[in-house]
Structure formats: structure tokens, C-alpha cells
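Structure record follows, encoded as C-alpha cells.
This is a predicted model, so every value here is computed, not measured. Whatever order the structure lists them in is the order used to number ligands and atoms, beginning at 1.
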Amino acid sequence: MEHTRQSILNTINNPSDLKLLKKTDLPKLCFELREFIIDMVSKNGGHFGASLGVVELTVALHYVFDTPHDLIVWDVGHQAYGHKILTGRRDVFHTNRKYKGISGFPKISESVYDTFGVGHSSTSIGACLGMSIASKINQDTTKQHIAVIGDGALTGGQAFEALNHAGIENSNLLVILNDNCMSIDPNVGALKDYLLKISTSKTYNNMRNEVWDLLSSLSNIGDSAKSIVQKVETALKSVLLKHSNYFESLNFRYFGPIDGHNIDLLESTLKDLKEIPGPKILHCLTTKGKGYNLAEKDQTKWHAPGLFDKDSGKISVDNSKKTNYTKYQDVFGKTIVELAEKNKKIVGITPAMPSGSSLKFMMEKIPDRAFDVGIAEQHAVTFSAGLATQGLIPFCNIYSTFLQRGYDQLIHDVAIQKLHVIFCLDRAGLVGEDGATHQGVFDLAYLRCIPNIIIAAPLNEIELRNLMYTVQLTTTVGPFAIRYPRGKGVIENWQVPFEKMEIGQGEIMSKGEKIAIISIGHIGNMVIEITNTLKLEGIKIGHVNMRFLKPLDHNLLHTVFKKYKYIITVEDGTIIGGLGSAILEFSADNQHHNKIIRFGVPDNFIEHGAQNEQQKECGFDKTSILKKVKELL
Ligand SMILES: Cc1ncc(C[n+]2csc(CCOP(=O)(O)OP(=O)(O)O)c2C)c(N)n1
């Protein structure tokens, strides 16, 4: 209670309150903000380590800059909890990522302080550059534009593209590089090595001291600031000519590296940088999970740990999810190792999700043939295409939502050339708390229109394994997508001997009268529950597990359309363009006249919440489908 009464954080309802604080109050505010984040995430879940790592940076940014007039753009946005708490959302923060609550990412419609909606990475520099150029065109010379990007997000091609463009624009852009050497897993790539080099090199550190000495005098000098800046530049350039700096070579002024947890230094540095026009980058070194010991030690585990006891650090097991079933991602991870140990042509690729996809199992066991390419989905696809041209069998594992990033690569580099690349699309369907930016609901529709591709969705773990097994038996099938959901399967003993599957063949799961439900993928298990429930009431309807969206099993469909009057399609993808659309097209093309009722994701973006809440909102939950069946009987 004592602590609450004296709390500084409780007095901050928006950044103008923050500006009233003395600089000496800031460390206490940082402490309280960190405690608040720890408390909230331990009870309500969400991303953890990333926000702890930017507490000082967040406080300093809102203290120094005049938000929301000045624009801060967070990359990915999973680190913006402190920002949300300081910008009017402290009292609703307990609803973070919950159904109808606040979003786990910045979102324009949620707050004037959220300048750009995020969730997918590497967009901040481009968006912020757009804003800075808009200010130029609008002749607003007072606005500051700040992109905050992690070293992980900087591995994405879009970030490089934006740096390249920004370097010739001379607009007022500050990029803050939040370098903690981590993505979700340890960061990868040559840029990471480079950042480490400039963070530890003596030359750079000497230069930095020189520069900071000069900069520190800026705020006292006022009008002669410009000449000081020139001196700073000369000092920088003389060193940089000898030791070229990547960012400088792109016409950015590079500052740092500085300690991103030193609030005093951050405050004075940002104040100084405000006075320096043009594109500039401030390199901050931070620790992911800062202030929570366990999170600092195991940064991958504490990226998004779920609920935990903040005192003991014990991560709770959600009893509603506690089953003996295995997560689909682990079925993938274990199966690829099993297959790759026998088939030396198999290669595994992940864009920055070794843990999230469980490709890490292969990276540990067969490191020569398993690659984390960074947050670079476009590259992951084209790289896989290159591997396939030489007869290798790439299993490119990408979350369904992130393959959206590699769409042209999928068409242009893979499908047109009919290259045998296997896309394992994890987190397909509704994904729950990450919300609209991460829904894996578009894949069936966006894949189906691509020629040469095969699209499969396994009903369960055994089908996933058998699909993976089948597709590595040849190198000539062409692009092959296997989409499976977030979460667990339905079979305890799934590690049974492999069986080859017939490509394009569906399966009749149950037979009945009048009504047949056609489903694709894991959602078919709910349809099995529905047909079982009806059986108990003496009602028999048909159920077809389509398994392949493309090619469609026409023979099977003709049989079904002849036998049943009503056809119900069920999918956890968009109602526009997926299974339901394919069945409608089949029906029209073949002059069938059955009544077709489609269940799927409506033409809306589905916000965050639990997966079952989202499913209910979409109307393809068990109760809604049962109700419809009974209406038709
Ligand atoms: C396009 C895209 N691919 C993958 C992800 C998944 N993802 C979320 S956070 C993250 C790591 C980001 O690392 P960094 O930018 O360094 O931030 P940190 O978590 O280290 O603070 C990844 C890979 C994503 N959000 N967007």
C-alpha cells in the first residue's frame, strides 16, 4: 500500500504528466514501470522480455519528445507495453491481448500515441520515413520522427530497403537501434557480427567518447549548435574513413553505441539528437528481459512465457490445455529430423523461428542442413527455391501469416518454375491472442489461385507426418504447402510407421443422409465431434475430410454431391477464396444443384482473444454448426 501511495507511475496518465517529473525521478519511474510490466504479464500473459529491455528507452523517449505531435514508430510492437502504459492505457492494461481488450501491439485505432499498426516486423523505418517526408511536404519543420527497431527486426529486407531510401531523402528521421543480440532466438547473420564488432571495438568506443564530449556541450551552446555539429561530423568522418561504418555509408549519421539502460545518458543524448537534422541512427545496447533475472538468463523462453509466478519464476501450466497430445510444431520438428536422418537431400529453413517452429530440433541434430535465415521470409522462399534447383528437398517452415511476406517469391521463384519446395505453414487458422496481424486465415485463399501448387491440410498428427513423408519421396512434385494450426493435435501415439498418401485424395469419415459436411484440416476433428454428437441422437450425416484443397478430389465430390442434398463446408480460413469457394466453383462447373452452406472466417479482420472466442465470433464453432445441421434436417 505504501508503495502504491508514493507511486510515480500512478500519476502518469499521459506523457505530459511525465514531462512534469524531475530528471532525478526518472530512475524510480523506470523501476515502477518495470515492476508493473512484470506483474501484469505474470498474471495476464503476453510478450515479456522485449518490453523489459526498453523500459529506460521508452521513458526517455516520452520524456524528451513531444508525443503525440512527435511520432514514435515501434517495430514489431511486442516491446511497446511500457509505451502503452505511459500513454493512457495503464488502467486497462490488464485487458492486454484479451477478447475486446487492448491489443498486444500498437494500433492506430487504439490511441493517438500509436502512430502505426504493427505485429509483423521490419516496417518501422519505412513507415517513419513516410511520415517524415509527409512532414516535409506539409512544411511542418517542428515534428520529430523516431523509429525504434530491434537488431532482429533489422535483419528483414524491408528495413534495409528503407535505410537505403532514407539515406537520400534528408528528412528528419531518427532510427533507434535497440540492440540486444536477440531475435526470439539468438539473432543471426553477418549484420549481427558487425553490430557486435562496432559495440566492442576500441576505435569506435574512443570515437564515441570524443563525439559525446562534443555533443554534451550542444545543449548549452544554443545558436552555435550548427558549428558544433560540423565539428562532430568531422571527428566522426576522420575515424569513419579509416573504419567505414555501414550506416554512415548509407548517409546516416551514426551515434553510439550507448548503454540503453542508462536513463540519464539516454535523456541527454536524445535531447541532443533532436537538434541534429537529417537521417541519423542511435545504437543502444540493451538486455532483453532486463530486471527479471530468469528472463535475462533464458531470453528465448521468456520472450512470451505465458502466465507465471513472479516471485518464484515458475511458469504455470494452463490446465485447460494440459493434455498428453503433442503440439503440431513438435510433430513437424521431430518428423523432419526422422526423415532428414535417412534422406540426405532434405534441408530445413526457418525465417527466425527455430523455437516457434521446432526446426531447432533439426538445427541441433543436423546443423549443416538446417538454416535460420533471420526475419527474412522473402529470402527464405527464394533461398529454398535455389536449393531445390540443385535437387535438394527444402522444407521451408513459415508461419502462415508470415508467408504473406514471401508471396511474389512463392509465385515467381517457386511456382512458375515448378520447383519442389515444401512449405510447412505453422499457425494456420485463428491464432488467438496475437490477433488480427497474425491470423493464419488467408493462406487457403492466397495459395489456391497459384498454378502448380499442391495445398494440403492434415486432420491430425499422423496425416502431417505422412504428408511430410510422401512429399520427400520425390523431387518433382513442385511446390507443396502443408498448413497446420497453432496448438496440439488429437492423437497420443502418433509416431507410427510412415504411410505414403495419395496426393489429391480425400477421405469419407462418416456416412449418413441428406447432409454432408466437408472439412479441411484439423478443424475436421470438431466435425467428428459433431457427427458423434448427432449419432448419439440417432442422426447420421456424412463427413468428408478433404485433406487437399488443390488438387480437389473431384471423384469423391461427385459421389458426395449425388448422395447428399445439403453440403456444408467448414474451414478455419477466409470464407472468400478457400474451401467453400472451391466447392461452390466445383458445383457450378459441374452443374450440381445442391444447396451449399459455408462456414469460415467472415470478411473481417478478427481481433485478439482466445481461439475459441474468435471461432465463435466467426460462427464456425460446434454449437453454431450443430444448430444449422438441425435446421436442415
Ligand atoms: C515478418 C515477421 N516475422 C517473424 C515475426 C516473429 N517475431 C516476433 S518478435 C521477433 C524477434 C524480434 O527481434 P528484435 O527486433 O530484435 O526485438 P527483441 O524481441 O529482441 O526486442 C520475431 C522473429 C514477426 N513478428 N514478423
With respect to Gln79, determine whether any N or O atom, backbone or side chain, lies less than 3.5 Å from an N or O atom of ligand 1.
no
Taking the ring of Phe395 and the ring of Phe423, is the distance between their centroids below 6.0 Å?
no
What residue and heavy atom of the protein are closest to atom 25 (N) of ligand 1, and at what distance?
Gly119 O, 2.8 Å
Enumerate the atoms of ligand 1 whose separation from the nearest heavy atom of Ser121 is less than 4.0 angstrom.
1 (C), 2 (C), 24 (C), 25 (N), 26 (N)
Would His120 and Thr401 count as having a side-chain donor-acceptor pair, cut-off 3.5 Å?
yes
Tell me which protein heavy atom sits closest to atom 23 (C) of ligand 1, plus the residue, atom name and distance to 0.1 Å.
Ile375 CD1, 3.5 Å
Which atoms of ligand 1 have any heavy atom of Gly150 under 4.0 Å away?
14 (P), 15 (O), 16 (O)
of all protein heavy atoms, closest to atom 15 (O) of ligand 1 is Ala153 N, 2.9 Å
Counting heavy atoms only, which part of Ile184 comes closer than 4.0 Å to ligand 1: side chain, backbone, both or neither?
both
Residue Asp151 vicinity, atoms of ligand 1 by number, heavy atom under 4.0 Å:
16 (O)
Does His145 use its side chain to pair, donor to acceptor, with the backbone of Cys128 at less than 3.5 Å?
no
Kindly compute the distance separating OG1 (Thr326) from CD (Glu461), expressed to the nearest 0.5 Å.
6.0 Å
Atoms of ligand 1, numbered as shown, that sit under 4.0 Å from any heavy atom of Gly152
13 (O), 14 (P), 15 (O), 16 (O)
Answer yes or no: does an N/O atom from Ala352 fall short of 3.5 Å to an N/O atom of ligand 1?
no
Test item: side-chain donor near acceptor, His283 and Asp179, under 3.5 Å
yes
What are the atoms of ligand 1, with element, lying closer than 4.0 Å to any heavy atom of Ala50?
19 (O), 21 (O)
Look only at interatomic distance and state if His78 has a nitrogen or oxygen under 3.5 Å from any nitrogen or oxygen of ligand 1.
yes
Does Ser122 come within less than 4.0 angstrom of ligand 1, counting non-hydrogen atoms of the residue?
no
Within a distance under 4.0 Å of any heavy atom of Asn180, pick out the atoms of ligand 1 and give their elements.
18 (P), 20 (O), 21 (O)
Below 3.5 angstrom, do we get any N/O pair linking His438 and ligand 1?
no
Selected option - heavy-atom contact closest to atom 5 (C) of ligand 1, from Phe105, Trp74, Phe402, Tyr399
Phe402
If only atom types and distance count, is the side chain of His78 paired as donor or acceptor with the main-chain N or O of Gly119 below 3.5 Å?
no
Distance under 4.0 Å to a non-hydrogen atom of Glu377: what atoms of ligand 1 satisfy this?
1 (C), 2 (C), 3 (N), 4 (C)
Looking at ligand 1, would Ser183 count as a contact under a 4.0 Å heavy-atom criterion?
yes
Can you name the closest pair of heavy atoms from Glu377 and Arg405 and give their distance?
CB-CB, 3.8 Å
Does this structure show an ion pair linking Lys360 with Glu364, if we count only N-O contacts that are shorter than 4.0 Å?
no
Run the contact test for His47 against ligand 1 with a 4.0 Å cut-off on heavy atoms, strictly below, and give the result.
no
Please state whether the rings of His62 and His83 are parallel, tilted or perpendicular, taking 30° and 60° as the class boundaries.
parallel
Considering all heavy atoms of both residues, which atom of Thr155 and which atom of Val188 are nearest to each other, and what is their separation?
CG2-O, 3.9 Å
With sequence neighbours left out, the residues meeting side chain to side chain donor-acceptor pair (under 3.5 Å) with Ser171 are Ser132
Applying side chain to side chain donor-acceptor pair (under 3.5 Å) to Gln79 and not counting sequence neighbours gives none
